[in-house]
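None of these values were measured; they are calculated from a predicted model. Here is the naming used below: chain letters follow the sequence lines, and residue numbers restart at 1 for every chain.
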Protein chains: 2
Amino acid sequence: MTAQRHDRDSVTATALRLLDRVGLPDLSMRRLATELEVQPSALYWHFPSKQVLLAAVADRILASVPEPTAGADLTAVASAIRDALLAYRDGAEVVMSTYAMRLGARRAQDTLQAVLGDADPALADAVFEFVLGHSTLLQQRMHAQSVGAVADAEADPTADLDRVFHAGIRAFAAVSADRPPA
Amino acid sequence: MTAQRHDRDSVTATALRLLDRVGLPDLSMRRLATELEVQPSALYWHFPSKQVLLAAVADRILASVPEPTAGADLTAVASAIRDALLAYRDGAEVVMSTYAMRLGARRAQDTLQAVLGDADPALADAVFEFVLGHSTLLQQRMHAQSVGAVADAEADPTADLDRVFHAGIRAFAAVSADRPPA
DNA sequence: ACCTGAACACCGTTCAAGT
DNA sequence: ACCTGAACACCGTTCAAGT
């Protein structure tokens, strides 16, 4: 009768679903607790703080990024990372805010490193930072637009944003291609 | 006797100083009000919401970015933007969070556009997104490190981060250089 | 092992009313 | 024009205690 018990994984999964439904500003410990039919304090048995909980959520968001393999190309990997970030509402911001204690982010960066071969390791980090910045900004704009608080009234900014993404990736791809042949 | 009156500009200036002192998580309307020796509700005469106040702060942060001029080079402009973002604690995150209703960000992007000449306009946006993402991540890590919650214990990550920044800028510079000659 | 109950020290925002 | 006072509906986190 007294609502089922939870563990780290189930709490994280529920948090991710709630994030996608209500967005990061409304993802509070109290609301998550309500969702789990539990008192807010119960969450602190599973996680020491909200920030650590969010880090676990960030890991899940990046879980769909493929393992490091030498076969793929930069555009594919960068797109996979972007898709993972955009798959959940405010996903990029969550990953960004917990990036310092990166767990899942490490894997994404390793995959980028692998695809860049023997290019400067700093380049893989730069690509990741670009994708993360781009995705965060994109979701920021999506949210502002839904609230109706945008300065310029572009009809469909999505197409432009896709061009920006590919312009960035093309730049990184071009530089990385310089090395192997040389 | 009853503490001097304020206007939009003085409130914004105080908010920026407070941001630099205590960081974004502790920059509350109530704390800012205390700083101004005023009731919290007084702030809402000057700004309709905290978000709009932060947008004004973001504008100030980017104010030091030079006006669009054809003479400069990409590295200089990108560095100026990064320096502006890093000049105040959590500056990059503030700019990022109010980017959707960009006012100050527009100028920074125009300056990038100018320096990139006739290159694809999407490239200027890509550079801006890279610099913003990079700077946010850098400040994030600085904060996490000061709290002592970092996964890896690098001695001095600053040098590495500078290499990442320049690796990114080099990629964009290389691609932009392709166009004019062709 | 996992949760409740109650408390502590906070938030952003609104609105009538004051000067 | 600019601010006070009081309220509303929230926050994250701690900690003793329960089962």
_A:R89/A:D26 salt bridge by N-O under 4.0 Å criterion_ = no

From CG of B:L43 across to P of D:dA1 the rounded distance in Å is 19 Å

Per-nucleotide protein contact along nucleotides 7-19 of chain D, 5' to 3', at a 4.0 Å heavy-atom cut-off (B base, S sugar-phosphate only, - neither), is B---BBBBB----

Worksheet item: Regarding B:R82 and the six-membered ring of B:F165, is the cationic atom NZ or CZ under 6.0 Å from the ring centre and inside 45° of its axis?
Response: yes

Here the distance between atom P of C:dA6 and atom CD of A:Q39, to the nearest Å, is 9 Å

Using OP1 and OP2 only, check whether a side-chain N or O of A:H46 sits under 4.0 Å from C:dC3. yes

Rounded distance in Å between the C1' positions of C:dC10 and D:dC8 | 15 Å

Rounded to whole Å, CG of A:D7 lies from C1' of C:dC3 at a distance of 14 Å

For DNA chain D, the dot-bracket notation using Watson-Crick and G-U wobble pairs below 3.5 Å, [ ] for pseudoknot-type crossings and | for other-strand pairs, is ||.|||||...|||||.||

- Query: Any side-chain donor paired with an acceptor under 3.5 Å for B:D7 and B:S10?
  - Reply: yes

When every non-hydrogen atom of B:V52 is compared with those of B:F47, the smallest separation belongs to CG1-CD2, 4.1 Å

Above 12 or not: heavy atoms from other molecules or residues under 6.0 Å from NE2 of B:H143?
no

A:W45 atom CH2 is separated from C:dC2 atom P, nearest whole Å, by 4 Å

Check whether any side-chain N or O of B:S176 sits under 3.5 Å from a backbone N or O of B:A173 as a donor-acceptor pair, and report yes or no. yes

Worksheet item: If you measure from the C1' atom in C:dA16 to the same atom in D:dC3, how many Å do you get, rounded?
Response: 13 Å

Joining Ile, Leu, Val, Met, Phe, Trp and Tyr whenever any side-chain heavy atoms lie under 4.5 Å apart, the cluster holding B:L138 also takes in B:L86, B:M142, B:L161

Q.
Heavy-atom count check: over 12 atoms from other residues, nucleotides or ligands less than 6.0 Å from A:Q113 CD?
A. yes

